[in-house]
Structures are given as structure tokens and as C-alpha cells.
2 protein chains.
Amino acid sequence: MAGKSAESPVRLAAETWESLFRAQVAVMRKLQSGPAFRKLAVNEYDVLFTLSRCPSGWLRLNELNDNVLLSQSSLSRLVERLEKRGLIARMPAPEDGRGVLLKLTDEGRELQKEIGREHVRDISELMGPALTQAEQKELMRLTTKLRSSLGPRPPRQDPR
Amino acid sequence: MAGKSAESPVRLAAETWESLFRAQVAVMRKLQSGPAFRKLAVNEYDVLFTLSRCPSGWLRLNELNDNVLLSQSSLSRLVERLEKRGLIARMPAPEDGRGVLLKLTDEGRELQKEIGREHVRDISELMGPALTQAEQKELMRLTTKLRSSLGPRPPRQDPR
DNA sequence: CCAATTTAGATGCATTTGCATCTACCGCAG
DNA sequence: CTGCGGTAGATGCAAATGCATCTAAATTGG
């Protein structure tokens, strides 16, 4: 009953998550200590990156919050700092008086590209030797599937 | 040359990492907002968990630091807090006068188990519906491979 | 054996984070 | 229109974090 290989589904899930989590920690540790993030913390870069990927150029603060592992208040202040540094611009949302829209400034876009180039190079130097391209594709497929299986569900409370 | 599907190896690596990272964020966000972490932050639980897995029962502070995405000083203080709460015990390392050894107290072990049970259940509720067991195994294999490919390298400088 | 370098961990201090709360606005029921 | 919840962000404040630095112990080179 306590055999190591008698993997219950619950145990398998837990071990899979732990492995994913540790890999993320290990990679992130290397990335964030590299020279690419001298000017900007990883979370800050992540905001610029997400904005750079946004087709319309403008993004709501609360949408941004889904991508980042930060509380709403922390993100609010992080954005405030980025604005003070001239990297992003805010404007009140036109359709929703409560909301805020964000976009990159030219300077922000420039910095994102600059850091992004280095960052991408660092990533590829870590992933390239570790996994074959086929393995990378499979890893991407699995993590995308995992994410999309949770993502569409906005944290629904028990509706009682 | 700039076609969307003409994935260069560099780009593939970057997209794979992003997918892994976002999946981790999405899962972590759900986990840490759950009731399992009312009494303890995720980082704090992680320390207890790591100690609980340690065969000898004792672990060096610096070894612990490899598992966690925290600076050395933050971990030092986190451990200090856990000690104050009576969850772990410290002792000077017998072989190395600079070092510190840590282990769970009975109370710490109890709390780890309690949270761990809930935590594992939460994980399995997230992963179970998202990926088949075969997919979970593959995901575990890939992330383990990724980690082990970076892990063994204690940041050794070129000794020249 | 001793001086110089390196490593483990702790600490002062400024920055960042999260929780709780607050304000303003939306949407809806009457 | 008005009042009532619910959502988007901002803010006060205490706690956590990271950087730089410090101390002590181990290691290395002579």
C-alpha cells in the first residue's frame, strides 16, 4: 500500500506539480540573476512584455493582473512606478469609468525590446541544451493545455 | 523568413518558457488563494515541505535556498520566523562552524502534514481535469529533465 | 603556521508586497 | 430615477523582500 511505484492519481498530480514548480524556480533563478534584469525587475519586465504583445496596444489593469503573480494592489503600485519612470502611459477607460487603460510609451517599448532580446537569448541557452525541440514543443503543448484548462474559469465562488 | 510558423530554435525556447511560466502562475494563483494557505504563506509551507522530505531530517540553510525563489537574506528571516513560531528548530552544523542545520519540530511536522493533505487535494483537482495521467507523467518527465539539466551546476566560475 | 580569499549566514535599511479598506462607477431591480 | 449590490482601482499600514554589508569560520597559497 505504501509502495513507491503504486502511484495514485492524486499523488501523480502532486508530483507533477512539484516538478513543474521546481523547474520554474530553477529556470527563473538563473534568468533573474542574469544581466538582462539590471534595469528592471522581472515582474516589471513582464508587464512591459505583456503590453507589447497586446494587439490594440491598450490593456486593462485587471486583465494584466491575470498574467502576473501579484495582488491587485501590488500591481497597481508597480504600474504607478512604471508610469513615473516614463515607460507606460495610463488613460481612463472610455467605456468604463472605473477602469484604466495602459500602453507602452516609446521609451517603454524600446526598453522592452532591449531587455527582451537578451532575455530570449538567455532562455534559449537554458532550454536548448536541456530539451530537444520536439520535447520543447511537447512541453509547450502540455503547459498550454494545463493553463487553458484553468484559465477560462474566472474564479467562481460557490453560488450558494 | 519571418513567417509565423517558421519557428527558430531560439523562438521556440522562448515560447516554451513563457508557456511554462504562465501555467505556473495560473496554477499557483489558484493554489495560494485556496483555504490551505490560511495559516502559512506558500514559501513558508515550502520550507516545511522540503524539510519533511529530507531523509536525515536535518538540512542546511543554503541547501534549502536552492529550492526556493528567495534571496539568501529573505530565507534567513523566513526561517527565523518559522523558528519563532515553533515550527522548526535550528542547530549549529557540527562539521562546519558557519553553518546552520534545520529540522521540523513535532508541531511543524504536524502542520506540514495538515496543510499538505489539503494542498495535495487542491493540486489534484486542478491537474486531474486538465491532463490525462499519461500527459502528467510526460510533463513530469520533461520538467524533471529540464531542472536536472541546470541543477547540477553549482554556479562554478571558469577557474582560469 | 599565517595571511588572503572564499563561503555561510545575519543584519541595517530602503523598497516592495499584501491585506483591509475606501472611493467611484457600473448594472440591475423596483 | 433611486437605492443596492458588485466590480475596478487606489491607499494606509504592517509585514516581507532584496541589496549591500558585516561577522565568523573554512579553505587556500605560501
Side-chain angles (χ1 to χ4, degrees), chain A residues 25 28-29 31-35 37-47 58-85 87-102 154-160, chain B residues 25 28-29 31-35 37-47 58-85 87-102 154-160:
Chain A
V25 167
M28 184 58 92
R29 181 176 279 288
L31 289 176
Q32 76 184 3
S33 67
F37 294 104
R38 282 224 123 83
K39 300 182 176 176
L40 222 49
V42 175
N43 278 339
E44 294 170 333
Y45 170 74
D46 201 14
V47 166
W58 293 96
L59 201 63
R60 282 291 288 269
L61 198 44
N62 74 5
E63 299 177 274
L64 201 52
N65 213 150
D66 295 335
N67 272 340
V68 183
L69 200 53
L70 275 180
S71 69
Q72 178 269 320
S73 59
S74 299
L75 180 60
S76 177
R77 282 191 243 249
L78 189 155
V79 159
E80 183 180 54
R81 269 172 272 146
L82 291 178
E83 190 192 23
K84 260 173 200 145
R85 286 173 67 173
L87 300 173
I88 67 180
R90 314 167 88 126
M91 110 184 184
E95 302 294 334
D96 184 341
R98 299 162 298 178
V100 171
L101 290 178
L102 305 172
R156 173 160 284 320
Q157 291 292 60
D158 188 272
R160 128 92 76 92
Chain B
V25 167
M28 184 59 92
R29 179 176 281 288
L31 289 176
Q32 75 184 0
S33 68
F37 295 103
R38 281 226 126 85
K39 300 180 175 177
L40 221 49
V42 175
N43 278 338
E44 294 170 333
Y45 170 75
D46 199 14
V47 166
W58 294 95
L59 201 61
R60 282 289 289 268
L61 197 44
N62 72 5
E63 299 177 275
L64 201 52
N65 212 150
D66 295 335
N67 272 343
V68 183
L69 201 54
L70 274 180
S71 69
Q72 178 268 319
S73 57
S74 299
L75 180 61
S76 178
R77 282 191 243 250
L78 189 155
V79 159
E80 184 181 53
R81 267 172 274 147
L82 292 177
E83 189 190 24
K84 258 174 203 144
R85 287 173 66 171
L87 300 172
I88 67 180
R90 316 165 84 127
M91 108 182 184
E95 302 292 335
D96 184 340
R98 299 162 299 178
V100 172
L101 288 179
L102 306 172
R156 172 163 284 318
Q157 292 293 59
D158 187 273
R160 143 76 53 143

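Throughout, a chain's letter reflects where its sequence line sits, starting with A, and its residues are numbered from 1. Scope of the values below: all heavy atoms of this structure, side chains included, with no hydrogens, waters or symmetry mates.
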Quick one: does any side-chain atom of A:Ser76 pair with a main-chain N or O of A:Gln72 as donor and acceptor, under 3.5 Å?
no
Tell me the bend of the helix from C:dC1-D:dG30 to C:dG30-D:dC1 as the angle between end helix axes, each from five pairs, rounded to the nearest 10 degrees.
30°
For A:Ser71 and C:dG18, is the shortest distance between a side-chain N/O and OP1 or OP2 below 4.0 Å?
yes
Distance col, row A:Leu70:CG vs B:Arg29:CZ, nearest 0.5 angstrom, shows 8.0 Å
Out of curiosity, B:Phe37 CZ to B:Asn43 CG, how far, rounded to the nearest 0.5 Å?
10.0 Å
Please name all residues satisfying side chain to side chain contact (heavy atoms under 4.5 Å, CB included) with A:Val79, sequence neighbours left out, ordered by chain then number.
A:Leu61, A:Leu64, A:Leu75, A:Ile88, A:Arg90, A:Leu102
Looking only at heavy atoms, the pair that brings A:Lys39 and A:Arg85 closest together is O-NH2, 2.8 Å
Look at all strands and tell whether B:Leu70 reaches a base, only sugar-phosphate, or nothing, counting heavy atoms closer than 4.0 Å.
sugar-phosphate
First and last nucleotide of DNA chain D in contact with chain A, 5' to 3', at under 4.0 Å to a heavy atom: what are they?
D:dG6 to D:dC13
Going by the rule side chain to side chain contact (heavy atoms under 4.5 Å, CB included), which residues pair with B:Asp46 if we only count those two or more places apart in sequence or in a different chain?
A:Phe21, A:Arg22, B:Phe49, B:Thr50, B:Val68
On DNA chain C, nearest-nucleotide positions of A:Leu75 versus A:Glu95: which is more 5'?
A:Leu75
Could I get the full list of side chain to side chain contact (heavy atoms under 4.5 Å, CB included) partners for A:Arg60, not counting sequence neighbours?
A:Asn62, A:Glu63, A:Ala93, A:Asp96, A:Leu101
Identify the pairs formed between an N or O of the protein and an N or O of nucleotides 13-16 of chain C at a distance under 3.5 Å, and give each distance.
| from | atom 1 | to | atom 2 | distance (Å) |
| --- | --- | --- | --- | --- |
| C:dC13 | N4 | B:Arg77 | NH2 | 3.4 |

Can you pull out every salt bridge (charged side-chain N to carboxylate O under 4.0 Å, His left out) where at least one residue sits in residues 65-80 of chain A? Sequence neighbours excluded, please.
none
Return the set of residues passing side chain to side chain contact (heavy atoms under 4.5 Å, CB included) with B:Pro92 (not counting sequence neighbours), or none when no residue passes.
none
Partners of B:Ser73 by side chain to side chain donor-acceptor pair (under 3.5 Å), sequence neighbours excluded?
B:Ser71
B:Leu69 side chain near A:Gln32 side chain, heavy-atom distance below 4.5 Å
yes
Go along nucleotides 1-9 of chain C 5' to 3' and tag each nucleotide: B for a protein heavy atom under 4.0 Å from its base, S when only backbone or sugar atoms are that close, - otherwise.
------BSB
